[in-house]
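Worksheet: the structure to be examined is printed underneath.
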Amino acid sequence: MVAGAGSGKTRVLTRRIGHLLATGQAVPSEILAITFTNKAATEMKERVTAAVGPVGQRMWVSTFHSACVRILRRQAHHLGFPSSFSIYDTDDSRRLITNIGKDLDLDPRKYRPRGLAHQISALKNELIDHEAFAPTAQTESQEVLAQVYRLYTERLQRAGAMDFDDLIGNTVAVLSLFDSVAAYYHRLFAHILIDEYQDTNRAQYELVRRMVGDGAEGLDPAELCVVGDSDQSIYAFRGADVRNIEEFEKDFPGAEVVLLEQNYRSTQTILSAANALISHNTGRRDKRLWTDAGDGEQIVGYVADDDRDEAAFVVNEIQRLTSEGLDAGEIAIFYRTHAQSRPLEEVLLRSGLKYRIVGNVRFYERREVRDALAYLRAVSNPEDDVAVTRILNVPKRGLGDRTVEQVAAFAAREQITFEAALRRASETGIGPRAETRIGAFLALLDELRMLLDSGADPEEMVEAVLEQSGLVGELQASNDPQDESRLENLAQLASVAGEFMNDNADGTLADFLERVALVAEADELPDHEGGLVTLMTLHTAKGLEFDAVFLTGLEESVFPHARSLDDPVELQEERRLAYVGVTRARKQLYISRAAMRMQFGTPSSNPPSRFLEELPDSLIHWKRTGRDLSRRVSAGGRGAAPALAQAAGSARRTAGPIVDLTAGDNVLHPKFGLGTVVSTAGEADKAEAHIDFGSEGVKRLLLRYAPVEKL
DNA sequence: CGAACATCCGCGCGC
DNA sequence: CGGATGTTCG
């Protein structure tokens with residue numbers, strides 16, 4: 001089914017399932033439905049279950065990744081993986097690649113881990129493994145890539161771990177290598193349905209083919225139904241291939257194509273804008289969205305002096321809309337990159353409007369949360385080297401880089417895991433001091449494992465890790481104000497585990513870790529309730545709709561993004577992204593740009609986005625245009641401050657006579673401001689003082705160097 | 001070894 | 001600007 005934005009694709013899919021069940025063409029356990037987010041999966045399942053009763057729960061409705069994990073937990077042993085394999089996210093796999101780069105003595109500038117990781121991911125998306133890739137390597141950098149790829153694969157295997165791409169790739173592998181496995185799933189699924197088919201990559205396409213089957217075992221191939229819209233394909237950067245949907249009829253002969261052009265979401269003004277915009281892309285199947293809902297309001301445009309002015313405009317309009325009775329939950333602000341959220345957030349904070357940022361620094365990507373999860377992973381899978389290495393010195397145990405290096409070298413020499421090498425620390429030639437500390441660390445792991453083996457549930461394990469590892473203790477002891485919110489995050493992790501227990505009474509620790517590894521940004525999105533304005537990137541916005549939408553940062557090199565400007569293919573993807581943004585709005589669309597914007601900490605001015613010209617002027621009411629810009633552009637309202645900071649910096653160098661301080665003295669510090677001496681210690685060159693700088697906290701300063709002035 | 005500071009470099013979307 | 005990495009020194 002090829003369907004335009006807002007034509008009700010997901011609803012069609014849900015109805016089809018309902019129809020299959022109602023007419024007795026299928027029973028729930030025969031249905032596999034793939035959705036774009038876990039949240040969409042839950043909703044679809046709930047809707048169907050509401051119609052057919054509890055048997056609905058027996059359907060498989062999930063994302064590609066979740067479905068693959070479910071298959072692999074059962075089948076991975078065929079490939080030499082434990083059923084409790086770890087799932088490495090982007091950060092984990094980057095760490096692993098960084099380590100490999102170090103071992104190979106690669107110049108990290110020339111071979112950036114990030115770049116290598118990306119290239120490996122691209123190969124995996126094409127189902128090209130390191131053995132297939134190596135012979136094709138031509139240039140030196142490709143040969144390096146081949147070597148890194150090989151080591152990366154080996155270490156993942158040895159660690160009993162899979163990255164996101166492996167979840168798909170290994171499922172394809174197990175289905176193609178083992179006929180009995182393939183036959184099992186062919187017997188299981190008679191109907192396969194896939195949402196957002198335009199976002200599938202090569203590996204996912206292969207997976208679909210294998211799951212559908214070719215009838216070889218004497219079983220009919222599963223019936224396949226996909227929906228999608230190539231104009232909303234915005235994930236080519238992670239391997240999605242529009243070809244999959246465009247050539248669907250060729251790939252699956254006998255397929256029937258249904259075109260949906262009527263839109264049930266937006267006003268005609270918004271649809272006309274979207275049609276005009278997307279018509280600038282070449283090589284597409286022409287679709288023109290239409291509605292019988294009427295023209296509605298004009299699009300409102302605004303040209304701001306700078307990013308803060310843009311934010312002020314947005315917030316002003318939101319206040320006007322809410323004062324007219326619109327629920328703030330029906331309003332969304334979109335931007336191209338997360339970095340653009342900051343000025344918006346600042347102005348929103350001052351305005352008193354409640355808001356929600358989706359996915360800025362994601363909960364599961366916070367350092368302290370990842371540390372705690374690494375403990376759980378290490379406990380659950382002793383072979384998970386990335387996890388064990390990560391937590392060895394967290395919290396600080398006096399086991400630094402040098403120790404890690406020596407143990408890692410020993411592990412490599414002996415072909416054993418990092419933890420096994422730790423257990424043989426005495427053979428590595430590190431000092432007795434480090435040995436004792438390693439012993440304590442291992443005792444901690446053993447104790448946590450014992451707890452797990454005695455039947456502790458995930459919630460209890462989280463609590464045990466937080467307490468016994470010392471993660472919580474370290475943060476409690478700290479007086480860094482940031483650590484308070486870190487403690488809150490850890491507490492939240494414990495409550496996430498608690499919720500998990502409510503939903504999955506007999507869930508294992510591995511189940512919990514898997515759930516946590518596969519949550520997407522869009523899954524964290526609360527439904528439009530609670531009167532919160534929603535801020536998010538355009539990518540996260542797909543599939544959602546709001547009464548009023550603000551599309552911000554319409555400037556060349558912001559949107560379209562700088563890295564797409566010289567590539568016509570990428571530019572077309574940027575345009576599809578803009579199309580997705582425009583079509584999220586039901587009633588009112590706002591578009592804005594800033595003449596000057598802070599980027600990388602420095603002010604920069606970018607010309608208007610080409611997308612603005614591609615929108616028919618007759619549809620837009622400009623509240624302020626480029627000609628209205630105030631003259632103070634480039635006057636340097638910001639960035640004048642450094643003079644003071646420099647003065648303070650140069651004063652620091654002059655380590656003159658040591659100030660004589662006693663408790664109770666008032667002092668002035670160029671950076672921390674006014675403070676009161678709490679206590680002093682040491683003499684002469686070693687004299688130090690604890691000084692309370694109020695909001696800056698209590699600092700321990702060495703008076704020999706600290707630029708404090710006694711008052 | 002690790003705190004504190006200096007410097008470098010980047011910010012592109014994500015399962 | 002801010003996180004990651006490098007350097008210095010007690």
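Convention: sequence-line order gives letters A, B, ...; per-chain numbering from 1. Fair warning: this is a prediction, and the values are worked out from it, not measured in the lab. Worth knowing before you read on, the calculation uses all heavy atoms, side chains too, and leaves out hydrogens, waters and symmetry mates.
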Practice prompt. Take atom NE2 of A:H118 and atom C1' of B:dG12, then tell me their distance rounded to the nearest Å.
Written response: 9 Å
Discussion item. Does B:dG12 have its OP1 or OP2 closer than 4.0 Å to a side-chain nitrogen or oxygen of A:H561?
Written reply: yes
Practice prompt. Mark yes or no for a side-chain to base donor-acceptor pair under 3.5 Å between A:E570 and B:dG12, with no hydrogen or angle criteria applied.
Written response: yes
Discussion item. Tell me whether A:E556 is salt-bridged to A:R610, with the criterion being a basic N under 4.0 Å from an acidic carboxylate O.
Written reply: yes
Worksheet item: 5'-most contact on DNA chain B: A:N125 or A:R112, nearest heavy atom basis?
Response: A:R112
Worksheet item: Contact class for A:R433 (heavy atom, under 4.0 Å): base, sugar-phosphate, or nothing?
Response: nothing
Discussion item. Can you check the distance between B:dC11 and C:dG6, where both ends of the measurement are the C1' atom (answer in whole Å)?
Written reply: 22 Å
Worksheet item: Would one find a side-chain N or O of A:H338 under 4.0 angstrom from OP1 or OP2 of B:dG14?
Response: yes
Worksheet entry | 5' priority, DNA chain B, between A:T63 and A:Q599 [closest heavy atom] | A:Q599
Discussion item. Using whole Å, what does the distance between atom C1' of nucleotide B:dG14 and atom CG of A:D91 come to?
Written reply: 14 Å
Worksheet item: Touch check for A:N393, heavy atoms < 4.0 angstrom, all strands: base, sugar-phosphate only, or nothing?
Response: sugar-phosphate
Worksheet item: Of the candidate nucleotides B:dG2, B:dC8, B:dG12, which contains the atom at the shortest distance from the side chain of A:R109?
Response: B:dC8
Discussion item. Could you check, using the six-membered ring where one of them is a Trp, whether A:F611 and A:F559 have ring centers closer than 6.0 angstrom?
Written reply: yes
Discussion item. So, under a plain 3.5 Å distance rule, would you say the side chain of A:T90 forms a donor-acceptor pair with the base of B:dC15?
Written reply: yes
Contact list (N/O, under 3.5 angstrom) for nucleotides 1-7 of chain C vs protein:
| from | atom 1 | to | atom 2 | distance (Å) |
| --- | --- | --- | --- | --- |
| C:dC1 | N4 | A:F600 | O | 3.3 |

Discussion item. Does B:dC13 have OP1 or OP2 under 4.0 Å away from a side-chain N or O of A:T537?
Written reply: no
Worksheet entry | cation_pi(A:R238, A:Y235) dist<6.0 Å, angle<=45 | yes
Discussion item. Check the phosphate of B:dC11 against A:R114, side-chain N and O only, distance under 4.0 Å to OP1 or OP2. Yes or no?
Written reply: yes
Fill in: Charged N-O contact under 4.0 Å between A:D89 and A:R370
yes
Worksheet entry | Interatomic distance where CD belongs to A:Q340 and C1' belongs to B:dC11 [whole Å] | 9 Å
Item to complete: Give a yes/no answer on whether the side chain of A:T540 brings an N or O atom under 4.0 Å of OP1 or OP2 in B:dG14.
Response: yes
Worksheet item: Is there a side-chain polar atom (N or O) of A:R563 under 4.0 Å from OP1 or OP2 of B:dG12?
Response: yes
Worksheet item: Between B:dC13 atom C1' and A:R576 atom CZ, what is the distance in whole Å?
Response: 13 Å
Worksheet entry | For atom OH of A:Y235 and atom P of B:dG14, their distance in whole Å | 6 Å
Fill in: Interatomic distance where CZ belongs to A:F36 and C1' belongs to B:dC15 [whole Å]
8 Å
Fill in: Sidechain N-carboxylate O distance under 4.0 Å for A:D129, A:K124
no
Discussion item. Using atom P in both nucleotides, what's the gap between B:dC13 and C:dA4 to the nearest angstrom?
Written reply: 16 Å
Discussion item. So A:T403, base contact, sugar-phosphate only, or nothing? Heavy-atom distance under 4.0 Å.
Written reply: sugar-phosphate
Discussion item. With hydrogens left out and only the distance checked, is there a donor-acceptor pair under 3.5 Å joining A:E574's side chain and the base of B:dG12?
Written reply: yes
Worksheet entry | Rounded interatomic separation in angstrom, taking CZ from A:F334 and C1' from B:dG12 | 18 Å
Worksheet item: Does the side chain of A:Q198 reach to within under 4.5 Å of the side chain of A:D241, using non-hydrogen atoms?
Response: no
Discussion item. Quick check on the 6.0 Å ring-centre criterion: do A:H561 and A:F237 meet it?
Written reply: no
Worksheet item: Less than 4.5 Å apart, any side-chain heavy atom of A:M596 and any of A:D305?
Response: no
Discussion item. Less than 4.0 angstrom between a side-chain N/O of A:R437 and OP1 or OP2 of B:dC1, yes or no?
Written reply: no
Worksheet item: Rounded to the nearest Å, what distance is computed from the CG atom of residue A:N606 to the P atom of nucleotide B:dG12?
Response: 13 Å
Item to complete: Step through the shown structure and confirm whether more than 12 heavy atoms of other residues, nucleotides or ligands are within 6.0 Å of CZ on A:R112.
Response: no
